[in-house]
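Reading through the structure tokens given below for one structure.
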Amino acid sequence: MDITRFAIEKKRVTGTALVVVFLAGLGAYRTMSRAEDPGFIIRVAMVQTIFPGASPERVELLVTDKLEKSIQEMPELDFISSESKTGVSVIYVSIQESYREMRPIWDDLRRKVANARAELPEDVIGPFVNDEFGDVFGIVVTLTGEGYTYAELKDIADDVRDEFLLIDEVAKVDLFGTQEERIFVEYDNARLAEVGLSPFQLIQLMESRNIIIPGGELTTADEKIALEPSGNFETVDDLRRSVITVPGSPDVLYLEDIATVTRGYIDPPESKVTATGEPAIVLAISLREGGNILTLGERVETTVEGLRSLYPYGVELEFVAFQPFEVERKVRTFQGNLIQAVVVVTVVMLLFLGLRTGLVVATLVPGAIVSAFFVMGIFGIGLDQVALAALIIALGMLGDNAIVMSESIMVQMGEGKA
């Protein structure tokens, strides 16, 4: 079938089809996902296991080898690389390139690791499977509060995180710089020896006082009632006033009589963040797959403005990384290049080829670009810097192609071919 002859003979059909494709392309462009970089599939997961105090040889023999044998049963496996260090086993699991849906594979990996857990030593911590290597946080917000403790900032950060998660374009929100609280019981060995206690006995007494296990159930004809013991510690003062029985003596003491009980944070901290010289907590926001980073930026800005008016003076939310700004700048640059190309091609063609031929050539550039948007929408391809770079390169090729085609047609028409 001669498509060119059909298009020329069926002008109305051709014109209608071009209009439909043009409008569909504009609609696809308006709804197309936008991001800075194209998404790609990460086919690597890390399995980390902690074996405190063990030598690399023992870690390899007792942990790494057993986990590898279980993981090798996966049919999707490509290869495994592992590293056994003092007290730590790290295994990297790589999946074959032919697999695209990774979630079921990672679930199977977790089941294989869980099955091998029974063969590992009792002192082992883990193993932990981490398959979130591909998380990219396009928006980063810092939370500071003058005069606020880390615990108070953490409570505020949890509320802010919940608000961000209500946004449709958000995939996840991670917190960085939070400090874990601990209750420290500091004692003097001489004081413990004076009352006849050892550190191990003191620990046992504390564990026996802090009852956190359920006390059973009471079943009636109408309902089942859970019994919860009231011996657990609710505050630091409860711990300080905990009664200590002196071995071999009817005397009792409070814990604060033989030890100092304080609330604090892990020292040294695992991570720490400061913003404008003040302690801060970072909220990192990632875009969902196929989402629009510009829409995400607008929604996050609106949410942050609302939160700023909600919290008291001293609590500040500031953007330290805002990817939507860069994406919008690149999209506007592409739009400017497209308009410039159309204008230049139109003026040059009208000057040298005449009105009719110039208009035909000038309409080929935007028509081809909008048609490309339509095809990209069909295949789920979004606008990112790779796609924009390809379209910008194509602008020059489209202009040259239109000129060559028009010149060929004019030459053949001059030779008398209809």
Side-chain angles (χ1 to χ4, degrees), residues 37 39-137 140 150 154 171-185 199-200 203-204 207 212 264-273 281-284 286 289:
D37 297 301
F40 54 93
I41 301 174
I42 304 296
R43 296 181 174 86
V44 180
M46 181 179 68
V47 181
Q48 185 176 24
T49 310
I50 300 175
F51 192 3
S55 64
E57 293 79 10
R58 288 177 58 83
V59 172
E60 177 75 21
L61 179 64
L62 300 178
V63 178
T64 305
D65 284 348
K66 294 181 179 180
L67 289 175
E68 286 182 344
K69 290 178 181 178
S70 180
I71 295 172
Q72 286 170 351
E73 298 175 0
M74 298 176 59
E76 304 89 354
L77 183 66
D78 188 8
F79 63 90
I80 295 177
S81 61
S82 62
E83 183 179 4
S84 298
K85 300 181 290 186
T86 301
V88 179
S89 167
V90 180
I91 302 174
Y92 294 96
V93 182
S94 299
I95 304 301
Q96 299 174 22
E97 292 289 335
S98 58
Y99 293 93
R100 302 184 60 85
E101 185 61 37
M102 305 306 298
R103 181 51 51 200
I105 298 176
W106 299 144
D107 292 340
D108 186 29
L109 173 62
R110 285 182 169 83
R111 285 191 291 269
K112 294 296 184 182
V113 171
N115 293 337
R117 178 64 180 85
E119 302 179 10
L120 303 182
E122 294 182 358
D123 296 337
V124 162
I125 302 174
F128 306 102
V129 178
N130 182 8
D131 59 78
E132 297 182 342
F133 285 91
D135 290 340
V136 177
F137 301 104
V140 179
Y150 272 113
K154 176 63 166 54
K172 63 182 296 186
V173 180
D174 281 354
L175 301 181
F176 298 96
T178 59
Q179 305 300 313
E180 295 188 27
E181 283 192 291
R182 292 291 187 271
I183 303 298
F184 297 95
V185 179
F200 180 71
I203 293 174
Q204 287 185 319
E207 290 178 346
I212 57 176
Y265 303 99
I266 295 178
D267 189 23
E270 295 181 0
S271 64
K272 197 168 185 178
V273 178
I281 293 179
V282 167
L283 295 98
S286 63
E289 185 178 357

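Fair warning: this is a prediction, and the values are worked out from it, not measured in the lab. We're numbering straight along the sequence, starting at 1.
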- Message: Tell me which one of Val90, Val47, Ile50 satisfies side chain to side chain contact (heavy atoms under 4.5 Å, CB included) with Pro127.
- Response: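 Testing each of Val90, Val47, Ile50 against Pro127, the sole residue satisfying side chain to side chain contact (heavy atoms under 4.5 Å, CB included) is Val47.
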Do the side chains of [Y] and [X] get nearer than 4.5 Å, heavy atoms only?
X	Y	value
Asp78	Arg43	no
Gln48	Val129	no
Val59	Lys85	no
Leu283	Val140	no
Gln179	Lys272	yes
Thr49	Val88	no
Val113	Leu67	yes

Reported [atom1]-to-[atom2] distance for the pair [X] and [Y], which is rounded to 0.5 angstrom:
X	Y	atom1	atom2	value
Ile105	Glu76	CD1	CD	4.5 Å
Gln72	Lys112	CD	NZ	11.5 Å
Phe128	Met46	CZ	CE	11.0 Å
Leu62	Glu119	CG	CD	11.5 Å
Leu77	Ile80	CG	CD1	4.5 Å
Glu73	Asp108	CD	CG	9.5 Å

Which atom of [X] lies closest to which atom of [Y], heavy atoms considered:
X	Y	value
Phe176	Ala284	CE1-CB, 3.7 Å
Trp106	Ala45	CZ3-CB, 3.5 Å
Ile91	Glu68	CD1-CG, 4.0 Å
Arg117	Pro121	NH1-O, 3.7 Å

- Donor on one side chain, acceptor on other, Ser82 and Thr64, under 3.5 Å: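 No.
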- Message: Please determine whether side chain to side chain contact (heavy atoms under 4.5 Å, CB included) holds for the pair Leu175 and Val282, giving the CA-CA distance in whole Å, both sets of side-chain angles, and the decisive distance to 0.1 Å.
- Response: CA-CA 6 Å; Leu175 301 181; Val282 167; over 6 Å; no
- Item | Crowding at CZ, Arg110 (>12 non-hydrogen neighbours, <6.0 Å) |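 Yes.
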- Message: Check Glu180 with Arg182, please: is the shortest side-chain N to carboxylate O separation under 4.0 Å?
- Response: yes
- Would Lys172 and Asp174 pass as an ion pair if we require N to O under 4.0 Å?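 A salt bridge links Lys172 with Asp174.
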- Message: Assess the residue pair Val273 and Ile281 against the criterion (side chain to side chain contact (heavy atoms under 4.5 Å, CB included)); give the C-alpha distance rounded to whole Å, side-chain angles, the decisive distance to 0.1 Å, and a yes or no.
- Response: CA-CA 6 Å; Val273 178; Ile281 293 179; over 6 Å; no
- So Lys66 and Leu61, side chain to side chain contact (heavy atoms under 4.5 Å, CB included) or not? Walk me through it. CA-CA 8 Å; Lys66 294 181 179 180; Leu61 179 64; over 6 Å; no
